[in-house]
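Below: one structure, written as structure tokens.
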Amino acid sequence: MLDLARRLGPAALLAALAVLAASPAHASPAPAQPARAAAAPAEKGEVTLELRRDGVLHVKETVAPASGTVRRTPITRTRFDDGHDRVYRLSNVKGGSYDGETLTFGGTVEYDVTGAVSPVADGGEELRWFPVSGPVRDAVVTVTGPGRVQNLSCFAGEPGAATACTGASVDETGATATFEQQDLRQGQTLTVVVGYPKGATGAAPILERRFELSNAFALNAVTGGSLAALLVLLLGGVGLLYWTRGRDARVIGSETAGAGTTGDWLTQVSGRGGGRFTPPDGVRPGQIGTLVDEQADVVDVTATLVDLAVRGFLRIDEQPRQTYESPDWCLVKLPGAPIGDLLPYERALWDAVFDGRDRVLLSQLHGSFATRLTAVRDALYQDVVDQGWFARRPDSVRSRWTTLGVVVLTLGVVATVLLAWFTSYGLLGPALIIAGAALAFGGQYMPAKTAKGAEALAHTLGFREYLAHASADDVPPDRRVELFSRYLPYAVIFDNVDRWAGIVGTFTGDGRQADHLYWYQGPAEWDLSRFADSMRTFTLTTSGAISSSRQFRSL
């Protein structure tokens, strides 16, 4: 007995202390703290589902006890297949409110659901809905429909769970199905599935395409074949446009024109053909440069400036400099020059350089010079049209086709986004993007020469061949300085300035090294042996001054 009392003593003491603590006579004088009670689950939820013949599911839910506000978040979207979601739409809410996401009500609420019925493989129809959301201790769902129940099932737990509900049954008539579920926790849902005969409602699920990159740009026989066909069609169209609109006019015999005229020019400059020291058809350097590459660019303006000096409209004076000073040149206006003989683009350049002054350092060509170069560029483009070499200004043609290409490319981007978002044919959009890019890029080659322009180009290429191979030995000594100076601007155009300037630098006068040219003056102790280096630096510096205006394409 003593041993038993010893073992029970602590337990009895703890029980006594518990009784004393619960007694009002011994209550603590401190104020009582309110209890933090968790939201209690509904004791019972009763839901009646009535499937009507039009496929609309009418839902009536009653929650007991009906104290407080009940909030539900109905499941309105589930995965249907790899590319679509199934959508359930709630409407006609009575006894509560629905904001598109949360259903709020007191004790009883009614609403309609569209999209809860879908056909099944065996030819029947299936009703699927989520009538009860936890927490609720005891839920009962009754389902009636427009036909006899063919089969039924139910699941409880997290959305998408495959755990069977507490109970499911059909009455003896086969018209009413009853589902039961106990202890449905917060975040859990009861799903009921009821099968009906084919044609019971004729309804179909509401499907919305789900955007996924893997689906939007799916590569299969249809999309791949369509992409290939579209690319062939679009790129073929771009090629056809170039073939019909962008090619130079064909000239019979033009391929051999250059070879024949080269020999003629060599005969002329050597004194055996009348001594005409002019390029084919009297074409000037800036014109040739624009004709060859269809661009009024920096080198065309640089060559034109040298050409104006060679032809006696200005003189280029190289300035003396110290070891670490940058080279500079003074452009000097020559009095009595026949300014009226200048072509419009040459006159525009003349005005841009001198701008009311008689001389200017190359390093000081800025300000109004840069703004006036716009007129030089426009006049060059207009000149090749006036010559009959192009039907339209090459820059306008390039701009028009490039703009069209950018528009097509932009449409391709928009089409890609729309196709990817709403269909699985997103791969077709890049075909437009590629075609637009090809059109924008190909627009640079769309200016087409006329027959006259193509013939002039053939002669020009022959002239370029002559410049690449002619030597001083082919020209009488008394004509060398004039001829090679006259052709130097063309050598600038054809990127052959080092060779021609080097040849000019070897010329002598009166048996000694000449110290200047009639159009190029060097500083003290300068002679023509330094002309090649001076000319190379001058053309680079001049091109830099012109490039800084941003009016011309750079070298």
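Predicted model only: the values in this text are computed from it and were never measured.
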- [ ] For residues Phe390 and Tyr381, establish whether the separation of their ring centroids is below 6.0 Å.
- [x] no
- [ ] Over all heavy atoms of both residues, which pair between Thr402 and Ala440 is shortest? Give the atoms and the distance, please.
- [x] OG1-O, 3.5 Å
Task: Contact summary for Ala249 and Ala454, nearest pair of heavy atoms - done: O-CB, 3.2 Å
Open item on the list: Would you say CZ of Arg400 has more than 12 non-hydrogen atoms from neighbouring residues, nucleotides or ligands within 6.0 angstrom?
Closed with: yes
Open item on the list: Using a 3.5 Å distance criterion without hydrogens, assess whether the side chain of Arg247 forms a donor-acceptor pair with backbone atoms of Trp243.
Closed with: yes
Task: Shortest non-hydrogen separation from Ala438 to Leu235 and the atoms involved - done: CB-CD2, 3.9 Å
Open item on the list: If the threshold is 4.0 Å, N to carboxylate O, is there a salt bridge linking Arg536 and Asp533?
Closed with: yes
Task: Side chain to side chain, Leu457 and Trp389, heavy atoms closer than 4.5 Å - done: no
Open item on the list: With side chain to side chain contact (heavy atoms under 4.5 Å, CB included) as the criterion, how do Gln287 and Thr460 come out once you've worked through the C-alpha distance, each side chain's angles and the decisive distance to 0.1 Å?
Closed with: CA-CA 10 Å; Gln287 296 172 317; Thr460 297; over 6 Å; no
TODO: For the pair Ile546 and Phe369, evaluate side chain to side chain contact (heavy atoms under 4.5 Å, CB included) and give the outcome as yes or no after the intermediate values.
DONE: CA-CA 9 Å; Ile546 298 169; Phe369 174 74; 4.3 Å; yes
Open item on the list: Under the criterion side chain to side chain contact (heavy atoms under 4.5 Å, CB included), I'd like the reasoning laid out for Leu349 against Leu373: C-alpha separation, chi angles, the key distance, then a yes or no.
Closed with: CA-CA 7 Å; Leu349 179 60; Leu373 284 179; 4.2 Å; yes
Open item on the list: If I compare all heavy atoms of Pro119 with all of Pro205, which pair ends up nearest, and what's the gap?
Closed with: CD-CD, 3.7 Å
Task: Pair Arg530 + Glu318: basic N to acidic O under 4.0 Å - done: no
Task: Ile316 side, atom CD1; Thr542 side, atom OG1 - distance, nearest 0.5 Å - done: 7.0 Å
TODO: Give, for atom CD of Glu465 and atom CZ of Phe494, the distance between the pair rounded to the nearest 0.5 Å.
DONE: 11.0 Å
Task: Min side-chain heavy-atom separation Val306-Met535 under 4.5 Å - done: yes
TODO: Would you check if Leu428 and Thr423 make a side-chain contact, meaning some heavy-atom pair closer than 4.5 Å?
DONE: no
TODO: I would like to know whether Thr302 and Ser543 meet side chain to side chain donor-acceptor pair (under 3.5 Å); could you show each step before the answer?
DONE: CA-CA 6 Å; Thr302 302; Ser543 297; 3.1 Å; yes
- [ ] Any chance you could lay out the salt bridge (Lys or Arg N to Asp or Glu O under 4.0 Å) test for Lys449 and Glu455, step after step, and finish with the verdict?
- [x] CA-CA 9 Å; Lys449 300 176 184 67; Glu455 184 176 1; over 6 Å; no
- [ ] Search all heavy atoms of Leu230 against all heavy atoms of Ala431 and return the closest pair with its distance.
- [x] CD2-CB, 3.6 Å
Open item on the list: Let me confirm one number: the CG-CZ distance from Leu409 to Phe441, rounded to the nearest 0.5 Å.
Closed with: 14.0 Å
Open item on the list: Is any side-chain heavy atom of Trp329 closer than 4.5 Å to one of Thr541?
Closed with: yes
Open item on the list: Quick one about Gln382 and Asp378 (side-chain donor to acceptor, distance below 3.5 Å, no hydrogens or angles considered), yes or no?
Closed with: no
Open item on the list: Quick one, Thr304 with Asp307, criterion side chain to side chain donor-acceptor pair (under 3.5 Å). Give me CA distance, side-chain angles, the key distance, then yes/no.
Closed with: CA-CA 5 Å; Thr304 298; Asp307 185 56; over 6 Å; no
Task: Arg372/Asp355 ion pair, N-O < 4.0 Å - done: yes
Task: Point-to-point distance, once rounded to the nearest 0.5 Å, from CG of Asp300 to CG of Leu305 - done: 12.5 Å
- [ ] Grab the two heavy atoms, one from Pro447 and one from Gln444, that are nearest each other, plus how far apart they are.
- [x] CD-O, 3.8 Å
- [ ] Show the numbers, then the answer: is there a side chain to side chain contact (heavy atoms under 4.5 Å, CB included) between Glu346 and Arg311?
- [x] CA-CA 12 Å; Glu346 294 174 323; Arg311 287 160 51 201; 2.6 Å; yes
Open item on the list: Would you say that Arg398 contacts Met446 through its side chain, given a criterion of any heavy-atom pair below 4.5 Å between the two side chains?
Closed with: no
- [ ] Nearest 0.5 Å please: distance from the CD1 atom of Ile493 over to the CD1 atom of Ile288.
- [x] 7.5 Å
- [ ] Report the distance from atom OG1 of Thr403 to atom CG of Leu439, rounding to the nearest 0.5 Å.
- [x] 10.0 Å
Open item on the list: Tell me whether Ser363 contacts the main-chain N or O of Asp328 through its side chain, where contact means a donor paired with an acceptor under 3.5 Å.
Closed with: no
TODO: Would you confirm whether the ring centroid of Trp526 sits within less than 6.0 angstrom of the ring centroid of Tyr520?
DONE: yes
TODO: Answer yes or no: is there a donor N or O on one side and an acceptor on the other, between the side chain of Gln521 and the main chain of Leu517, under 3.5 Å?
DONE: yes
Task: Sub-4.5 Å side-chain heavy-atom contact between Pro74 and Tyr88 - done: no
- [ ] Assess whether atom OH of Tyr518 is packed by more than 12 heavy atoms of other residues, nucleotides or ligands within 6.0 Å.
- [x] yes
Open item on the list: Is any side-chain heavy atom of Arg77 closer than 4.5 Å to one of Val87?
Closed with: yes
Task: Salt bridge flag under 4.0 Å for residues Arg377 and Asp297 - done: no
TODO: Side-chain contact test, heavy atoms from C-beta onward, threshold under 4.5 Å: evaluate it for Leu207 versus Arg86 and give yes or no.
DONE: yes
